[in-house]
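The next block holds one structure in the form of structure tokens; read it before the comments.
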Protein chains: 2
Amino acid sequence: MKTLKYSRQRESIKEFLATRKDHPTADTVYVNIRQLYPNISLGTVYRNLSLLASLGEICKVSCGDGVEHFDSNTEPHYHFICRECGCVQDVPLDPLNDLDRMASNRFEGTIEGHTTLFFGTCRNCTEKVQKTLDKREAI
Amino acid sequence: MKTLKYSRQRESIKEFLATRKDHPTADTVYVNIRQLYPNISLGTVYRNLSLLASLGEICKVSCGDGVEHFDSNTEPHYHFICRECGCVQDVPLDPLNDLDRMASNRFEGTIEGHTTLFFGTCRNCTEKVQKTLDKREAI
DNA sequence: GTGTTTGCAAACAATTTGCAGAATT
DNA sequence: AATTCTGCAAATTGTTTGCAAACAC
């Protein structure tokens, strides 16, 4: 029988994630938690992130950038990743459950859900690109 | 100036990928190409897969399973990953360009496109699960 | 006291890279 | 001849794991 025991490290990881709406990586969590618990180890961060994710208290977000991101928002929702700076953001769009039905109709197997990842240029990077163009124009 | 030179290894990687509609990983490509070129190295496979992907001749598919998959079909299309066996398949559903527009309306930044990954149980695994249930019922 | 969690370091898996020699143009 | 590509091995990166001590119940 495996009961769950309290740990301040786990608690503070959960709290930290809740304060962020970007989607930090394990390493970012580590660096930040260390300000409160300087002795915490990266292994502990990874262990707790996995545990919390398997308990459904947070969720793992894979964006194809080679690193896992973590999100305190466990409601299914869409994400965006910027091709310029790699930042990950939420897209405030209700997931289309129709998509699952449409896919089921054309797929031999059981479809349980989907994730959608938008890509493009984030607001900040779009502005930067615009400024660069403006400068060129001014010459 | 960097011109592209022919290489049989690269050619055979491209040909191999074209014969497969599952979405092999670099290692699977490696194991298979080795039957034709026993001396090929994993590094060469990785280098060529990246090169081909950046040329747009194949594409990289990230499924959140920790390994990159590669696809000879460069048309944008949706994918499915099985939670049981981890296999990756195409979902024959036309990508919804509307989604990009809907997301753009609610997002400050430039949305260029999206990928969608369905998850669930593939046909094979669904059948297996069904057989297990049948057996239990029969007792 | 029993069982879980931690910090640390070592292990691992996927991918990338440096380099001398082979292949392509 | 000039340049690109390959095989090999070593390096890098992100993540997991084994273990003794610390902590929670």
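The structure displayed is predicted, hence computed values, not measured ones. Letters A, B, ... are given to chains in the order of the sequence lines, protein chains preceding strands, and every chain is numbered from 1.
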Donor-acceptor pair (no angle test) under 3.5 Å: A:K2 side chain, C:dG3 base: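 Result: no qualifying N/O pair found.
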Does a distance-only test, which skips hydrogens and angles, find a donor-acceptor pair under 3.5 Å between the side chain of B:K5 and the base of D:dT3?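 Flag set: donor-acceptor pair detected.
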On DNA chain C, nearest-nucleotide positions of B:E68 versus B:Y6: which is more 5'?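 It is B:E68 whose nearest nucleotide is closer to the 5' end.
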Judged by each residue's nearest nucleotide on DNA chain C, which is more toward the 5′ side, B:R47 or A:Y37?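 Upstream on the strand: A:Y37.
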Under a 4.5 Å cut-off applied to non-hydrogen side-chain atoms, are B:I13 and B:I58 in contact?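 No, too far: nothing below the 4.5 Å cut-off.
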Between [atom2] on [N] and [atom1] on [X], what's the gap in Å once rounded to a whole number?
| X | N | atom1 | atom2 | value |
| --- | --- | --- | --- | --- |
| A:E11 | C:dT6 | CD | P | 11 Å |
| B:R34 | D:dT6 | CZ | C1' | 16 Å |
| A:I40 | C:dC8 | CD1 | C1' | 13 Å |
| A:Y30 | D:dT13 | OH | P | 16 Å |
| A:D65 | D:dG14 | CG | P | 10 Å |
| A:N48 | C:dT4 | CG | C1' | 11 Å |
| B:I13 | D:dG7 | CD1 | C1' | 13 Å |
| A:L36 | C:dT6 | CG | P | 14 Å |

I want to check one thing: is the phosphate of [N], taken as OP1 and OP2, less than 4.0 Å away from some side-chain N or O of [X]?
| X | N | answer |
| --- | --- | --- |
| B:T3 | C:dT25 | no |
| B:R10 | D:dC5 | yes |
| B:T25 | C:dA14 | no |
| A:N39 | D:dA22 | no |
| B:S41 | D:dT6 | no |
| A:Q9 | C:dG7 | yes |

By salt bridge (charged side-chain N to carboxylate O under 4.0 Å, His left out) - contacts of A:E84 (at least two apart):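 Partners of A:E84 by the salt bridge (charged side-chain N to carboxylate O under 4.0 Å, His left out) criterion come out as none, since no residue qualifies.
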What about B:F80 and B:F119, are their ring centers closer than 6.0 Å?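 Here the rings of B:F119 and B:F80 have centres that are no less than 6.0 Å from each other.
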Using a heavy-atom cut-off of 4.0 Å across all strands, would you classify [X] as base, sugar-phosphate, or nothing?
| X | value |
| --- | --- |
| A:Y46 | base |
| B:D27 | nothing |
| B:S7 | sugar-phosphate |

Any side-chain to backbone donor/acceptor pair from B:T126 onto B:T121? Under 3.5 Å, distance only.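 Looks like yes, one N/O pair under 3.5 Å.
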B:Y37 and B:S12: side chain to side chain contact (heavy atoms under 4.5 Å, CB included), yes or no, with the steps? CA-CA 9 Å; B:Y37 298 102; B:S12 95; 3.7 Å; yes
Gap separating the CG atom of B:N48 from the OG atom of B:S7, nearest 0.5 angstrom: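 Reported value, rounded in 0.5 Å steps: 5.0 Å.
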Hey, which sits more toward the 5' end of DNA chain D by its nearest nucleotide, B:G43 or B:L4?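 In this pair, the answer is B:L4.
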